[in-house]
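Worksheet: the structure to be examined is printed underneath.
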Amino acid sequence: MNEEYIKIISIVFSIIIAFMGWIMQRKTERIKIMENQLSEKKYAAYASLVGLFYSILKDVKKEKDYNQTKIQNNKMLEEMLESKKNIFMYGSDNVIKAFNKWLCSTTKNESKEAQLDAFLDFMIEIRKDMSGKSTKISKKDLLINLIQNDDEANNFLNKISITRK
């Protein structure tokens with residue numbers, strides 16, 4: 001009789017363990033799905049903001065006329081507000097802090113160098129967040145991408161390192 005109880009108990013425990021394993025697997029799958037959805041929204045928010053910056057850069061290089069710039073500025077303001085909302089919702093803590101630092105630098109009448117330095121810090125934080133907390137891209141790499149001139153990038157980096165001291 002004892003052997004029958006042991007067989008029944010082992011079968012019941014096996015069923016319970018299998019059921020709990022199935023539940024854990026389902027929860028793990030749901031968590032992965034939610035993380036993927038969050039990552040997609042985060043990356044879209046980052047891409048939107050970087051795209052907005054490059055639109056501004058393109059307009060500055062084209063030197064658009066006043067009326068066209070006014071219309072474009074209204075559109076860019078709407079995009080910036082949307083980007084701010086998305087960064088607030090989906091950005092990592094470090095990205096939000098770097099974003100706020102950059103935004104504050106633009107309203108404090110800081111030098112263009114200080115604003116660009118804060119922007120570069122922001123871009124590096126975005127890259128760190130997207131790649132899992134590490135990036136080999138430096139401010140100089142980002143500057144060369146923006147201005148396409150190694151000497152000007154070095155001059156800028158020297159200028160901001162002097163002002164930080």
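- With values rounded to the nearest 0.5 angstrom, Phe53 atom CZ is found 5.0 Å from Leu146 atom CG.
- A distance of 5.0 Å separates CZ in Phe99 from CG in Leu49, rounded to the nearest 0.5 Å.
- In this structure, Asn36 places its CG atom where more than 12 heavy-atom neighbours from other residues, nucleotides or ligands lie under 6.0 Å away.
- Taking the charged nitrogens against the carboxylate oxygens, Glu125 and Lys128 do have a contact shorter than 4.0 Å, which makes a salt bridge.
- With a 4.5 Å cut-off on side-chain heavy atoms, Ile87 and Lys42 do not count as touching.
- Note that OG of Ser48 and NZ of Lys84 are 13.5 Å apart. Values are rounded to the nearest 0.5 Å.
- Expressed to the nearest 0.5 Å, how far CD1 of Ile137 lies from CE of Met123 amounts to 13.0 Å.
- Pairing each heavy atom of Lys139 with each of Leu157, the nearest pair is CB-CD2, 4.0 Å.
- Atom CD in Glu79 sits 10.5 Å away from atom CG in Leu81 (nearest 0.5 Å).
- In this structure, Phe88 places its CZ atom where only 12 or fewer heavy-atom neighbours from other residues, nucleotides or ligands lie under 6.0 Å away.
- A salt bridge links Lys85 with Glu82: the closest approach of a Lys/Arg side-chain nitrogen to an acidic carboxylate oxygen falls below 4.0 angstrom.
- Criterion: ILVMFWY side-chain heavy atoms under 4.5 Å apart, direct or through other members. Under it, Phe122 and Ile96 are part of a common hydrophobic cluster.
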